[in-house]
> 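If you scroll down you'll find the structure; I have some questions about it.
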2 protein chains.
Amino acid sequence: MISFEDFVLGDGYPIYLQIIRHIKQGIAAGAIGHQEEVPSRRALSALLGVNPNTIQKAYHMLEDEGIIVSRSGAKSYTSVDEDTVQHIRRELQAGDTAVWVEAMKRLGLSRDQALGLAADLWEKGQEN
Amino acid sequence: MISFEDFVLGDGYPIYLQIIRHIKQGIAAGAIGHQEEVPSRRALSALLGVNPNTIQKAYHMLEDEGIIVSRSGAKSYTSVDEDTVQHIRRELQAGDTAVWVEAMKRLGLSRDQALGLAADLWEKGQEN
DNA sequence: CAAACCGTATCAGTTGTATAACACAGTTCT
DNA sequence: AGAACTGTGTTATACAACTGATACGGTTTG
């Protein structure tokens, strides 16, 4: 069963996109595997305090990407082969990093200044 | 006069927040100084192809932060002392970097893996 | 079988963002 | 003084995101 323990609702960003991202992150990090049970729409909506429709929207889009398989009436499961994992991993890693690099460049930082700042902030948080 | 040449409207992110960010980035990078003229609401709305009310909302919030000074009827100017510049610089640099570091940690990357990925992507773009 | 769950669908309502069309008063400049 | 700008404010409209409530039929389990 996929866990939503460390999941906290962000501010302005659409909830359904946050959920999609959370699951993709879990897959990329290896915390979520193949044929793993997904929380039901109702259960997750109750846990997060959001509307079931919002969860449905997120799951539906994940199903369009082939990451989730749903059968009417039954529980939903993940469906991630090795190619999918690699694809998601590249998508998230390279995407986020490119955005950050662009932001740092626009702020006028040099490569080493930016990397130094990141290295400093890495230690401030816990773990890794 | 503040330039909006290299400014392109993004996809889903609110336009008024993009405008606020663009001006703050210019100040943090040193491209925008003190007592610099800000494009009029009407002129900028025509240039970007958005509604004047959207520009007004962005300028109004910048005025609340003390970054812009507006006198009814006259042109608007920036108002940024050294403390403000430092504050904005920290806000943008540390904020973006903290978000990126958190994302990389959640993806299961080590510090060196993340920094290596960033260093690679830094070269791919132009300049700096 | 029957209860309890599940996915799926529809409807109306609220909020935030953006558009559109104005109006009014203060300023700058010729 | 008068024209052309400026900032400011109002109202109505549109759309996407999210909420709230409800319903239907399929699956699972005791």
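Labels below follow one simple rule: chain letters A, B, ... track the order of the sequence lines, proteins then strands, and each chain is numbered from 1.
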> Quick check on the hydrophobic clustering: are B:Leu48 and B:Ile32 connected, directly or via other members, by side-chain heavy-atom contacts under 4.5 Å?
yes

> Which atom names give the shortest non-hydrogen contact between B:Ile23 and B:Phe4, and what distance separates them?
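Result for this residue pair: CG1-CZ, 4.1 Å.
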
> If you compare every side-chain N and O of B:Arg71 against the phosphate oxygens of D:dT6 (OP1, OP2), does one of them come in below 4.0 Å?
no

> DNA chain C: B:Gly73 or A:Ser72, which has the more 5' nearest nucleotide?
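Upstream on the strand: A:Ser72.
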
> Among C:dT17, C:dC11, D:dG7, which is the nearest nucleotide to the side chain of A:Asn53?
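Ranking C:dT17, C:dC11, D:dG7 by closest atom to the A:Asn53 side chain puts C:dC11 first.
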
> Can you figure out which of C:dG26, D:dT6, C:dC6 approaches the side chain of A:Lys75 most closely?
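For A:Lys75, the side-chain atoms sit closest to C:dC6.
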
> Does B:Trp122 have A:Lys105 sitting over its ring (NZ/CZ under 6.0 Å from centre, angle to axis within 45°)?
yes

> Would you mind telling me which residue lines up with the more 5' stretch of DNA chain C, B:Tyr16 or A:Ser76, judged by nearest nucleotide?
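Counting from the 5' end, the first nearest nucleotide belongs to A:Ser76.
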
> State, to 0.1 Å, how close B:Ser45 and B:Asn51 come at their nearest heavy-atom pair, and which atoms those are.
CB-C, 3.9 Å

> Check whether any side-chain nitrogen or oxygen of B:Arg42 sits under 4.0 Å from OP1 or OP2 of D:dT6, and answer yes or no.
no

> Give the rounded distance in Å between these two atoms: CD1 of A:Ile68 and P of C:dG7.
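Interatomic distance, CD1 of A:Ile68 to P of C:dG7: 10 Å.
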
> Quickly work out the B:Asn51 CG to D:dT13 C1' distance and round it to whole Å.
12 Å

> Quick one: is D:dT19 close enough that its OP1 or OP2 comes under 4.0 Å of any side-chain N or O from A:Thr54?
yes

> Side chain of A:Ala74 only, please: which of D:dT28, C:dC6, C:dA18 is the nearest?
D:dT28

> Which nucleotide, C:dA18, C:dT19, D:dT8, lies nearest any side-chain atom of B:Ser70?
D:dT8

